[in-house]
Amino acid sequence: MTTTPRAPERKLHRAWIVAGVAFVAILGAAGFRATPGVLITPLQEEFGWSRGTISLAVSVNLMLYGLTAPFAAALMDRFGMRRVVTYALLLVAAGSGFTILMNAPWQLILCWGVLVGLGTGSMALVFAATLTERWFVRHRGLVTGVLTAGGATGQLVFLPVLAHLAADRGWRSAAVTVTVAALAVVPLVWFLLRDRPEEVGTTALGADPAAPRVVRPARAGGAAAHALGVLWSAARTRPFWLLAGGFAICGMSTNGLVGTHFIPAAHDHGMAAPTAAGLLALVGIFDVVGTVASGWLSDRVDSRILLGAYYGLRGLSLMALPSLFGATAEPSMLVFIIFYGLDWVATVPPTVALCRQIYGPDGAVVFGWVFASHQVGAAIAAVAAGVTRDHFGAYDLAWYVAGFLCLAAAVMSIVITRKSITGKSTTGESTTEEQASLKA
């Protein structure tokens with residue numbers, strides 16, 4: 001009697017579990033960072049602080065959210081993703097929780113600006129770039145898109161809930177909700193996230209198990225020296241400044257302007273804050289689609305062309321926005337929300353891809369610095385738009401300037417020269433997995 005041999009069972013690769021945990025952490029980080037947008041009006045009404053003053057705290061948050069990123073990438077390289085993300089969540093919980101005790105603007109800056117900024121910055125998109133570099137050879141662009149979309153999903157989950165809490169039970173209940181949510185993610189990260197495939201006896205998804213592994217030696221001077229060394233090397237190349245400049249404008253036109261001031265701008269035109277928050281949540285819904293699609297496209301289409309299209313279309317839509325505001329969400333505003341949502345952070349996958357292609361194994365840290373420029377731009381826009389509103393009584397000038405800058409970013413992206421895309425690191429190293437991904 002003969003028996004038919006059973007086909008070997010195919011198990012879910014551990015990379016997908018790690019990516020799922022990262023998705024939850026990034027989702028939370030985006031929601032935590034976006035919360036000040038629903039608090040501007042309640043804080044102004046309770047304490048009498050100007051929008052410019054409150055926007056300063058948001059600006060500090062955005063600045064640290066970005067400037068922390070390259071150092072967080074280096075810290076993850078030295079101490080591991082699990083430790084860094086766990087401590088970051090605890091920092092967010094502390095910063096948000098202490099805000100319920102504040103009674104002066106400097107306390108808002110310290111809690112929501114410094115503590116939450118540092119915490120969310122350590123879970124920023126550089127976390128996604130680090131994870132995909134370690135755990136994925138195949139599907140890198142797609143997974144980067146999905147993890148990036150986690151940021152949009154964070155808005156989708158948190159903004160409407162927090163807006164209703166702030167309106168019905170006061171802004172303190174929203175701050176406490178963020179604290180509880182951050183603490184709830186800690187066990188998930190600690191027990192399920194792993195730093196490298198070798199820790200669980202496997203290889204990156206799509207990697208050849210028989211291929212020789214290139215282990216990069218530890219650098220003297222620690223994580224900070226590594227991050228600054230990579231910056232020094234990358235800053236001497238023209239593509240770095242084009243990527244950083246374009247991404248700074250990206251931050252101005254998304255987190256800094258729309259993410260921070262859309263709700264109060266809509267409120268100026270008679271729209272209820274929960275309704276405006278719901279529109280931003282719709283941006284999050286469509287951003288999931290747009291960012292995942294962008295990740296898929298970045299595996300197949302020249303990333304420079306993608307960036308040029310994204311920035312150009314965003315600029316045109318921002319120039320049309322001032323005429324769309326009203327007391328209710330008219331069809332024209334819904335069209336803008338859908339269009340802007342598809343384009344919100346679709347810029348991330350092709351930017352990550354270009355950093356990896358140009359700077360090789362140092363690509364994640366380089367992206368950290370590029371992302372820092374994104375948040376510097378966001379911080380400038382958050383304060384500038386608040387001051388514009390205080391001075392002129394309207395946000396119109398801020399929307400028009402942002403639209404013009406996006407058109408400039410489109411040009412900056414397209415002129416990155418093809419010969420710059422070499423697949424080498426800033427130190428001249430290259431890995432077998434990196435070469436395989438470039439060929440794919």
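One finds the CD1 atom of I17 at 5.0 Å from the CG atom of L12 (value rounded to the nearest 0.5 Å). Note: W399 CH2 to S253 OG = 10.5 Å, rounded to the nearest 0.5 Å. Residue T260 holds its OG1 atom at 12.0 Å from CD1 of I54, rounded to the nearest 0.5 Å. Considering CE of M252 and OG of S373, their distance stands at 9.5 Å, rounded to 0.5 Å. Atom CG of L242 and atom CZ of R304 lie 11.0 Å apart (nearest 0.5 Å). To the nearest 0.5 Å, atoms CG (L313) and CZ (F339) are separated by 4.0 Å.
Distance alone, capped at 3.5 Å, places no donor-acceptor pair between the S59 side chain and the V383 backbone. Panel note: side chain Y359, backbone F240; a donor-acceptor pair is recorded below 3.5 Å. Checked by atom type and distance alone, the side chain of S294 never pairs as donor or acceptor with a backbone atom of G290 at under 3.5 Å. Put simply, the side chain of S413 never gets that close to the backbone of G308: no donor and acceptor are under 3.5 Å apart. A side-chain donor-acceptor contact under 3.5 Å links Y311 to the backbone of G246. H164 places no side-chain N or O within donor-acceptor distance of the main-chain N or O of P274, the cut-off being under 3.5 Å. Between the side chain of T291 and the backbone N or O of V288, no donor-acceptor pair lies under 3.5 Å. For S298 (side chain) and P350 (main-chain N/O), no donor-acceptor pair under 3.5 Å exists by modelled atom type. When atom types are taken as modelled, the side chain of S233 and the backbone of V230 share no donor-acceptor pair closer than 3.5 angstrom.
Between L342 and D287 there is no side-chain heavy-atom pair separated by less than 4.5 Å. Under the 4.5 Å side-chain criterion, counting only non-hydrogen atoms from C-beta, L231 is not in contact with R236. Side-chain contact between F98 and L110 is absent, with no heavy atoms from C-beta onward closer than 4.5 Å. A 4.5 Å side-chain heavy-atom check between M102 and T99 finds at least one atom pair inside the cut-off. Side-chain atoms of V116 and C111, non-hydrogen and from C-beta on, never get closer than 4.5 Å to each other. Side-chain atoms of V185 and V189, non-hydrogen and from C-beta on, do get closer than 4.5 Å to each other. You'll find the side chain of V114 reaches within 4.5 Å of the side chain of V60, heavy atoms only. In this structure the side chain of F247 never reaches within 4.5 angstrom of the side chain of L307, judged on heavy atoms.
Partners of M333 under the side chain to side chain contact (heavy atoms under 4.5 Å, CB included) rule, at least two apart in sequence or in another chain, are F262, L279, L321, L324, F325, F336, I337. Residues passing the side-chain hydrogen bond (donor to acceptor under 3.5 Å, both in side chains) test with T132, sequence neighbours excluded: R356. Partners of W49 by ring-ring contact (aromatic ring centres under 6.0 Å, His included), not counting sequence neighbours, listed by chain and number: F47. Every residue meeting the side-chain hydrogen bond (donor to acceptor under 3.5 Å, both in side chains) condition with R196, not counting sequence neighbours, appears here in chain and number order: D77. Residues passing the side chain to side chain contact (heavy atoms under 4.5 Å, CB included) test with A22, sequence neighbours excluded: F127, L131, L147. Considering only residues two or more places apart in sequence or on other chains, T351 meets the side-chain hydrogen bond (donor to acceptor under 3.5 Å, both in side chains) condition with none of them. Every residue two or more places apart in sequence or in another chain was checked for a side-chain hydrogen bond (donor to acceptor under 3.5 Å, both in side chains) with T120, and none qualifies. Here H13 pairs with A15, W16, T202, L205 under the side chain to side chain contact (heavy atoms under 4.5 Å, CB included) rule; sequence neighbours left out. Residues forming a ring-ring contact (aromatic ring centres under 6.0 Å, His included) with W369 (at least two apart in sequence, or on another chain): F71.
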Show me the donor-acceptor pairs, under 3.5 Å and distance only, between side chains in residues 80-95 and residues at least two apart or in other chains.
from	atom 1	to	atom 2	distance (Å)
R82	NH1	W190	O	2.9
T86	OG1	R82	O	2.8

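Within the structure, the salt bridge (charged side-chain N to carboxylate O under 4.0 Å, His left out) test picks out the following pairs touching residues 341-352 (sequence neighbours left out): R314-D343. Applying the side-chain hydrogen bond (donor to acceptor under 3.5 Å, both in side chains) test to every pair with at least one member in residues 376-390, sequence neighbours left out, gives these pairs: D268-R389.
The two atoms that bring A204 and R134 nearest to each other are CB-O, 3.5 Å, heavy atoms only. Pairing each heavy atom of L188 with each of V21, the nearest pair is O-CG1, 4.0 Å. When all heavy atoms of Y310 and A346 are compared, the pair lying nearest together is CE1-O, 3.2 Å. Taking all atoms of both residues into account, the shortest heavy-atom contact from A385 to Y395 is O-CE2, 3.5 Å. Among all heavy-atom pairs drawn from A227 and V365, the shortest one is CA-CG1, 4.0 Å. Taking both residues in full, the closest heavy atoms of R300 and W296 are given as NH1-O, 2.9 Å, listed atom of the first, atom of the second, then distance.
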Checklist entry - side-chain contact (heavy atoms from CB on, under 4.5 Å) between W135 and R194: does it pass, once the steps are laid out? => result CA-CA 10 Å; W135 280 91; R194 290 296 179 268; 4.0 Å; yes
Checklist entry - Given V258 and L318, is the side-chain contact (heavy atoms from CB on, under 4.5 Å) satisfied, shown in steps? => result CA-CA 9 Å; V258 176; L318 282 172; 4.1 Å; yes
Item to check | Verdict with reasoning, T41 to I263, per side-chain contact (heavy atoms from CB on, under 4.5 Å) | outcome: CA-CA 9 Å; T41 300; I263 294 175; 5.6 Å; no
Next on the checklist: Using the rule given for side-chain contact (heavy atoms from CB on, under 4.5 Å), can you reason through V411 versus L407, listing the C-alpha separation, both sets of side-chain angles and the distance that settles it, and then say yes or no?
Outcome noted: CA-CA 7 Å; V411 176; L407 297 180; over 6 Å; no
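The six-membered or imidazole ring of F371 lies near that of H374, with a centre-to-centre distance under 6.0 Å.
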